[in-house]
Amino acid sequence: MKRIAIDMDEVIADFNTKHLRLFNEQYNEQLTVHDLQGTRLRLLRPHLKNEIIGYLKDPSFFRDLDVMANSQEVIKQLSEQYEIYITTAAMEYPTSFAAKYEWLKEHFSFLSDMNFVFCGDKSIIRADYLIDDNVRHFEHFAGQGILFHAPHNVNEHAEIRVHNWLEIRDYFLR
Ligand SMILES: [Mg+2]
C-alpha cells in the first residue's frame, strides 16, 4: 500500500476560523480569511504578534476546532486503499499535544493511534505523498507534496495544489 501523510491545521482542522474569532472579539476587529490572502494574522498586526501566538499556547485552543469539510469521509475512503498517517508539527506548540490527540480521537476514530505522528521537523517523514498547507515541508520530502490551498499560501508555487477534500478524493481515487 502507498502511504499518505496528512497535516492537521488548515488541512483537516479549521484553524483560521477560531483564531480570527478570538482575535476579533478581543480587539474589536472584523478581519476575515480574505484579509489573510498571502499573509498571516501576525504579519498583518505585527504589534500584537505575541498576543496572536499566545492563543495557540492555550492548551485547549486545538481541542474544539471545526473539521474541514469532507475530510472525514474522504480520508475514510482513502484508508481502504492507502496507509494514512496524520503528521503534525505539534512541537511548534508543545502544550497542544493532549488537545490534538483528543481531537483526532473524536473526529478520526477510524484511524489507529499508531498512525498519529506528532513531530517537529517533518523532513523525517517517509511517505509517498504529503498533504500540507506549508510548502516548506516539501523541501526535503522525498515523495510527492500536495499543497492544500490556504489563505496564506495563495502566492506560493506548488506542483500540485488542491482546494478542498473532494479534489483530493479525485486525485487519489479517480
Ligand atoms: Mg498546517
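In listed order, ligands and their atoms are each counted from 1. All values below come from the heavy atoms of this structure, side chains included, with hydrogens, waters and symmetry mates left out.
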- Item | Cluster check Ile131, Phe141: I/L/V/M/F/W/Y, side chain < 4.5 angstrom | no
Whether [Y] and [X] form a salt bridge (side-chain N of Lys/Arg under 4.0 Å from carboxylate O of Asp/Glu) is what I want to check.
X: Arg63; Y: Glu106; value: yes
X: Glu10; Y: Arg40; value: yes
X: Lys100; Y: Asp9; value: yes
X: Lys105; Y: Asp113; value: yes

- Message: Please enumerate all residues that pass ring pair (Phe, Tyr, Trp, His ring centres under 6.0 Å) together with Tyr55, with sequence neighbours excluded.
- Response: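 By the ring pair (Phe, Tyr, Trp, His ring centres under 6.0 Å) rule, Tyr55 matches His19.
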- Note on the structure: Listing protein N, O or S under 2.8 Å around the Mg ion (ligand 1) gives Asp7 OD2, Asp9 O, Asp133 OD1
